[in-house]
S.K.: 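I'd like to ask you about the structure that follows.
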Amino acid sequence: MNTIGHYVDGSRTQGAARTAEVYNPATGAVQAHVALASAAELDRAVEIAARAQPAWAATNPQRRARVLMKFVTLLNRDMDKLAEALSREHGKTLPDARGDVQRGLEVVEFCIGAPHHLKGEFTDAAGPGIDMYSMRQALGVCAGITPFNFPAMIPLWMFAPAIACGNAFILKPSERDPSVPIMLAELFEEAGLPKGILQVVNGDKEVVDAILDNETVQAVGFVGSTPIAAYIYERAAAGGKRVQCFGGAKNHMIVMLDADMDKAADALIGAGYGAAGERCMAISVAVPVGEDTADRLIEKLVPRIEALKVGPYTAGDDVDFGPVVSAAAKANIERMVQSGVDEGAELVVDGRNLKLQGYEEGFFVGPHLFDRVTRDMEIYRKEIFGPVLSCVRAETYEEALGLAMDHEYGNGTAIYTRDGDTARDFAARVNVGMVGINVPIPVPLAYHTFGGWKKSMFGDLNQHGPDSFRFYTRTKTVTARWPSGIKEGGEFSIPLME
Ligand code: NAD
């Protein structure tokens, strides 16, 4: 059976002894093993990166940008190949896998503007004969630790700006779907990236801790669950590194009584069940305002949910969403559903016991809808990360807003209404990082920044957009004085020391 190793110094390498299993979530079968690097293997990759980085940083930004341009061409060339490898290990449908690559590729496109983004500031004549200017300089070696749910997009969000800024980057992808990150590194080198600038080191906690403790690593980006985000933030920051950690989510969609109920229901279907709910921007809580709104919304949702088709990515366009990533994820979702039932929520659509002929061992979970969920229930408080939508009925707009405000997570939220005043008030007051107005999954485009608030983000600067150029560079400010010189006239006789 194939063992997926690492990508170090321009080649695929085998890795030492420890490995983990990589599943095909649709069949439940082990399809490969992935090497789990030791601290020594990580340290070696960092040394290689540190040797390669100065020449890359000294390559002018326009030339670096040309490598990114070629990389975009190659990503488009291999889009189908990347999507297939991604679906095979993650389980998401092929169109969704193409979206995963595409939303990453758009950040590479944004980073082609590196020469512009890296321009510093300049003050002419800050004093007599004095100019002041700032430069943005690369940090050196940076590292990223990424989750299973976007194995192309999130690595690209991290390493594209880091490398465009002149850094070297070590990527530690999720051990559940490790194939695509290595394919991305190979493509980047085919585009002209020098060896050692992008390396992929697979592994688990051992290699993550080695990254956090390595003194050469200057910055760490993390995306994943909140407890690990908090851990990584603390340990890396204590070591003096620059850190940004993006955590879990519980995204609310408020539905006002004047909303177009068909559009709101359609939005909830895509945002709640797309990718089997395994998205940090999934809407997992619908908050209809008013009993009548809630009844109308549930009436619209039920037939739509019952019509959803669940299946393997190989079934093509017939499938709305695939399996969840692992047997453990499936077991956790089923346990949470049971806790919702036990705590008194009304299970309107029950997706348990879904069986697909020929895929009995796959990690499939049918769609669920809970109504009359309350604040104290576990299914409301915790992230489920599965195809489970909870409806929390609110009596007023203020109560609905309060639900989104009081939840510990603050990644994304949305409001459906025809009233501009309500929408403006919601956008201004809600303490959540990304807001949709009649848009269900408000994932900002590459040239804006992405990041949540509260327990969804630890750090200061967001991913992609202008923040990414700030995160992956350091500012140096130069104050220069030039006393009057040759323009006053040349000295032709030998100067005398009098
Ligand atoms: P995870 O936290 O289990 O794993 C993320 C990464 O951390 C992986 O590379 C993993 O190997 C590593 N890791 C796991 N346990 C570790 C430990 N004890 N010590 C050190 N490293 C460890 O997350 P996941 O299951 O891969 O991804 C799903 C989670 O990611 C969800 O909570 C989701 O909301 C979140 N997510 C957040 C965003 C965002 O932008 N806020 C985006 C995508 C996913």
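Remember, it's 1-based here, ligands and their atoms both numbered in the order they're listed.
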S.K.: Determine whether more than 12 heavy atoms belonging to other residues, nucleotides or ligands lie under 6.0 Å from atom CG of Asp460.
M.R.: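 Counting other residues, nucleotides and ligands, CG of Asp460 stays at 12 neighbours or fewer.
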S.K.: For residues Arg242 and Arg474, report the shortest heavy-atom separation together with the two atoms involved.
M.R.: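 Reported closest heavy-atom pair: NH2-CG, 3.9 Å.
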S.K.: Around atom 44 (C) of ligand 1, find the nearest protein heavy atom and jot down its residue, atom name and distance.
M.R.: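 Going atom by atom, the protein heavy atom closest to atom 44 (C) of ligand 1 ends up being Asn149 OD1, 3.3 Å.
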S.K.: Just checking Asn353: does its CG atom have more than 12 heavy atoms from other residues, nucleotides or ligands closer to it than 6.0 angstrom?
M.R.: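 Open: at most 12 neighbouring heavy atoms sit under 6.0 Å from CG of Asn353.
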S.K.: For atom 23 (O) of ligand 1, state which one of Pro151, Ala282, Ser225 supplies the nearest heavy atom.
M.R.: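 Heavy atom nearest to atom 23 (O) of ligand 1 belongs to Ser225.
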S.K.: Tell me whether ligand 1 is touched by Val223 - counting only heavy atoms on the residue side and a distance under 4.0 Å.
M.R.: yes
S.K.: Do any heavy atoms of Pro173 fall under 4.0 Å from ligand 1?
M.R.: yes
S.K.: Would you mind checking which non-hydrogen protein atom is closest to atom 32 (O) of ligand 1, with the distance to 0.1 Å?
M.R.: Glu383 OE1, 2.6 Å
S.K.: Check whether any N or O atom of Phe385, backbone or side chain, sits under 3.5 Å from an N or O atom of ligand 1, and answer yes or no.
M.R.: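 No, no N or O pair falls under 3.5 Å.
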S.K.: Could an N or O of ligand 1 be found under 3.5 Å from any N or O of Thr226, whether backbone or side chain?
M.R.: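 In fact, backbone or side chain, Thr226 has no N or O that close.
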S.K.: Please list, in number order, the atoms of ligand 1 under 4.0 Å from a heavy atom of Phe450.
M.R.: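 Here the atoms of ligand 1 in question are 40 (O).
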S.K.: Please state whether the rings of Phe321 and Tyr273 are parallel, tilted or perpendicular, taking 30° and 60° as the class boundaries.
M.R.: parallel
S.K.: Quick one: look up the protein heavy atom nearest atom 20 (C) of ligand 1 and list residue, atom name and how far away it is.
M.R.: Val208 CG1, 3.5 Å
S.K.: Looking at atom 26 (O) of ligand 1, what's its closest protein heavy atom, distance included?
M.R.: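 Atom 26 (O) of ligand 1 sits closest to the protein heavy atom Phe148 N, 3.1 Å.
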S.K.: Are more than 12 heavy atoms from other residues, nucleotides or ligands located less than 6.0 Å from atom CZ of Arg375?
M.R.: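 Counting neighbours around CZ of Arg375, more than 12 heavy atoms of other residues, nucleotides or ligands fall under 6.0 Å, so yes.
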S.K.: Could you work out, for atom 29 (C) of ligand 1, the closest of Gly224, Pro147, Gly248 by heavy-atom distance?
M.R.: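 Nearest heavy atom to atom 29 (C) of ligand 1 lies in Gly224.
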S.K.: Taking CD in Glu360 as the centre, count heavy atoms belonging to other residues, nucleotides or ligands within less than 6.0 Å. Is the count above 12?
M.R.: yes
S.K.: Check the angle between the aromatic planes of Phe148 and Phe385 and answer parallel, tilted or perpendicular using the 30° and 60° thresholds.
M.R.: perpendicular
S.K.: Short list, please: which atoms of ligand 1 are under 4.0 Å from a heavy atom of Ile145?
M.R.: 6 (C), 7 (O), 9 (O)
S.K.: With a 4.0 Å cut-off on heavy atoms, is Gly247 in contact with ligand 1?
M.R.: yes
S.K.: Does Asp209 reach ligand 1 with a nitrogen or oxygen that is under 3.5 Å from one of the ligand's nitrogen or oxygen atoms?
M.R.: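 There is no such contact.
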S.K.: Can you list the ligand 1 atoms lying under 4.0 Å from a non-hydrogen atom of Glu175?
M.R.: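 By the 4.0 Å cutoff, the relevant atoms are 10 (C), 11 (O).
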S.K.: Tell me which protein heavy atom sits closest to atom 39 (C) of ligand 1, plus the residue, atom name and distance to 0.1 Å.
M.R.: Cys280 SG, 3.4 Å
S.K.: Specify the protein heavy atom at minimum distance from atom 19 (N) of ligand 1: its residue, its atom name, and the distance to 0.1 Å.
M.R.: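 Going by distance alone, atom 19 (N) of ligand 1 is nearest to Lys205 CG, 3.4 Å.
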S.K.: In terms of relative ring orientation, are Tyr380 and His252 parallel, tilted or perpendicular, with 30° and 60° separating the classes?
M.R.: perpendicular
S.K.: Can you confirm whether some protein heavy atom lies under 4.0 Å from atom 4 (O) of ligand 1, or whether none does?
M.R.: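 It does not: no protein heavy atom is found less than 4.0 Å away from atom 4 (O) of ligand 1.
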S.K.: Using a strict 4.0 Å cut-off to heavy atoms of Ile154, name the atoms of ligand 1 that fall inside it.
M.R.: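 Here the atoms of ligand 1 in question are 42 (C), 43 (C).
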S.K.: Pair Arg470, Asp467 - check salt bridge (Lys or Arg N to Asp or Glu O under 4.0 Å), show working.
M.R.: CA-CA 5 Å; Arg470 295 189 189 107; Asp467 270 10; 2.9 Å; yes
S.K.: Identify whether the distance between the nearest side-chain nitrogen and carboxylate oxygen of Arg393 and Glu399 falls below 4.0 Å.
M.R.: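 A salt bridge is absent here (no side-chain N lies under 4.0 Å from a carboxylate O).
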S.K.: For the pair Tyr233 and Phe458, name the ring-plane relationship: parallel under 30°, tilted 30 to 60°, perpendicular over 60°.
M.R.: tilted
S.K.: Could you list the atoms of ligand 1 found under 4.0 angstrom from a heavy atom of Phe246?
M.R.: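 Checking each atom against Phe246, I get 39 (C), 40 (O), 41 (N).
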S.K.: Is the shortest distance from a Lys or Arg side-chain nitrogen in Arg44 or Glu41 to a carboxylate oxygen in the other one below 4.0 Å?
M.R.: no
S.K.: Please confirm whether Phe150 approaches ligand 1 to less than 4.0 Å, judged on its heavy atoms.
M.R.: no
S.K.: Between Met457 and ligand 1, which residue portion shows a heavy-atom distance shorter than 4.0 Å: side chain, backbone, both, or neither?
M.R.: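 It is neither part, as no heavy atom is under 4.0 Å.
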S.K.: Using heavy-atom distances only, which candidate in Asn251, Val443, Ile228 approaches atom 17 (C) of ligand 1 most closely?
M.R.: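 Checking each option, the heavy atom nearest atom 17 (C) of ligand 1 is found in Ile228.
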S.K.: Without swapping roles, check the side chain of His368 against the backbone of Gly366 for a donor-acceptor pair under 3.5 Å.
M.R.: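 Side chain of His368 to backbone of Gly366: a pair is present.
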S.K.: Would you say that more than 12 heavy atoms from the other residues, nucleotides or ligands in this model lie under 6.0 Å from the NZ of Lys455, or not?
M.R.: no
S.K.: May I ask you to identify, for Val325, whether its side chain, its backbone, both or neither come under 4.0 Å of ligand 1 on a heavy-atom basis?
M.R.: neither
S.K.: Could you check atom 8 (C) of ligand 1 against the protein and tell me its nearest heavy-atom contact, residue, atom and distance included?
M.R.: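 For this ligand atom, the closest protein heavy atom is Thr146 O, 3.3 Å.
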S.K.: Tell me: protein heavy atom nearest atom 7 (O) of ligand 1, and distance?
M.R.: Phe222 CE1, 3.3 Å
S.K.: Quick check, are the ring centers of Phe110 and His117 under 6.0 angstrom apart?
M.R.: yes
